[in-house]
Amino acid sequence: YAKKQGKDTFEYYDEKLSEDVHDQLVIEQALKQAVQKNELYLNYQAQYDLNTKKTKSFEALVRWNNDKLGFVSPATFIPIAEDTGLIVPIGEFIFKKACEDFMKLKQIDTTLEYIAINISSVQFRSADFLNNVKTIIEEIGIKPSQIELELTERYIMDFGEDSIKLLNELKLLGFKMSIDDFGTGYSSMSYLSKLPVETIKIDKAFIDYIPKNNNNLQITKAIIALSKSLGYRTVAEGIEYPEQEDVLSDLGCDIGQGYFYARPQSFEDIKNSLIL
Ligand code: C2E
Ligand code: MG
Ligand code: MG
Ligand code: MG
């Protein structure tokens, strides 16, 4: 009986597995044409200065609407784009579009400081990344200091010498750089202090339920203190309630992002909100 049950269990997982592989292939095929078919676009989420109480920047977040698959979350398709290398042309599209849109927004609100753009490690490590970025910003006339590149902690810790060299080059050119999803990776403190970044973005997982959840509160406190002592700016992501803003403000967190301020919105909506 036990054996039979074991076998059923096995068959269940087996079916689930091939279903996943099938989904993966379907997504991959559709993703190959997504850029040309104009199915990818960007949403923007406000980054709110906790001192001045003003929006100082936006984070670009990619969206994909396919005629057969409907809306597919970036959490689903970005990893597939990374596995297949499709992230390189997709990432280039995102970078260019985000820079163009920022320049348009900056004309409406001259106080905007920069645009935050997520960069996949696969894209970052691709041979032409630096040259592509340089060409695009020259074409558009945006300054490197008006761009913050978000790289996740998980990937940064896997970076070798070459990647650190590239980070240094980008910093020399004037780009801002931030460590996204901080706290979910495994940074060693000594490594962290050597990274040429200027911003640490605390992962939503630690911002959730503060101040009520004391573990999260203590971790958030420690990250902000560490970030400050190393001279970095701190961004908190996933703020949903005023209580969270209150503590983060008291702890000296610089920037807040989350549904409490604004959901990611279309370019048109952002533009209209700035005109009003
Ligand atoms: P991320 O860069 O850490 O982005 C934050 C995610 O949290 C976004 O999800 C955002 O919509 C969501 N979020 C923001 N505030 C709140 C909140 O208050 N509550 C909740 N529940 N969620 C909030 P999204 O847009 O689905 O993106 C998920 C992840 O996909 C991103 O995490 C990023 O790693 C990746 N991603 C998104 N856009 C891009 C892109 O253009 N390029 C690359 N390489 N990756 C991207
Ligand atoms: Mg991000
Ligand atoms: Mg994040
Ligand atoms: Mg996150």
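Bear in mind that the values here come from a model prediction, so they are computed numbers and not experimental data. For ligands, and for the atoms within them, numbers begin at 1 and follow the listed sequence. This chain uses plain numbering: 1 for the first residue, then up along the sequence.
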For G238 and ligand 1, answer yes if some heavy atom of the residue is under 4.0 Å from a ligand atom, otherwise no. yes
With the threshold set at 4.0 Å, does a side-chain nitrogen-carboxylate oxygen contact exist between R233 and D254? no
Distance check, rounded to the nearest 0.5 Å: E198 atom CD versus K176 atom NZ? 5.5 Å
Would you say the side chains of N214 and Q218 form a donor-acceptor pair under 3.5 Å? yes
Which ligand 1 atoms are under 4.0 Å away from a heavy-atom of P264? 11 (O)
Any heavy atom of E59 under 4.0 Å from ligand 1? The part involved is side chain
Please work out whether any backbone atom (N, CA, C, O) or any side-chain heavy atom from C-beta onward of D181 is under 4.0 Å from ligand 1, and answer side chain, backbone, both or neither. side chain
Less than 4.0 angstrom from a charged side-chain N to a carboxylate O is my criterion; do E59 and K201 meet it? yes
Compute the shortest N/O to N/O distance between S73 and ligand 1 and return yes if it is under 3.5 Å, no if not. no
Per-atom contacts of ligand 1 with E237, taking only distances under 4.0 Å to non-hydrogen atoms: 3 (O)
Examine Q257 against ligand 1 and note whether any of their N/O atoms are separated by less than 3.5 Å. no
So does R125 have more than 12 non-hydrogen atoms from other groups sitting under 6.0 Å from CZ? yes
Quick note on ligand 1: atoms under 4.0 Å from a heavy atom of I94 include exactly 40 (C), 41 (O), 42 (N)
Ignoring hydrogens and geometry beyond distance, is a side-chain donor-acceptor pair present between E148 and S57 at under 3.5 Å? no
Heavy-atom contact under 4.0 Å between Q123 and ligand 1? no
Working for side-chain hydrogen bond (donor to acceptor under 3.5 Å, both in side chains), residues E28 and T84: CA-CA 8 Å; E28 187 183 320; T84 53; 5.6 Å; no
Give a yes/no on ligand 1: does K204 have at least one heavy atom closer than 4.0 angstrom to it? yes
Nearest candidate to atom 36 (N) of ligand 1, where distance is taken over non-hydrogen atoms, out of S120, A46, P79, P74: P74
Atom CD of residue position Q36 - does it have more than 12 heavy atoms of other residues, nucleotides or ligands inside 6.0 Å? yes
Counting heavy atoms only, which part of R263 comes closer than 4.0 Å to ligand 1: side chain, backbone, both or neither? neither
E169 atom CD: more than 12 heavy-atom contacts under 6.0 Å: yes
How does D180 reach ligand 1, by side chain, by backbone, by both or by neither, if only non-hydrogen atoms under 4.0 Å count? side chain
Please confirm whether R63 approaches ligand 1 to less than 4.0 Å, judged on its heavy atoms. yes
Within less than 2.8 Å, report the number of protein N/O/S atoms around the Mg ion (ligand 2). 4
State if E240 counts as touching ligand 1 under the rule of any non-hydrogen atom under 4.0 Å. yes
Does atom CG (D67) have a neighbourhood of more than 12 heavy atoms from anything else shown, all under 6.0 Å? yes
Does only the side chain of N118 get under 4.0 Å from ligand 1, or the backbone, or both, or neither? Count heavy atoms. both
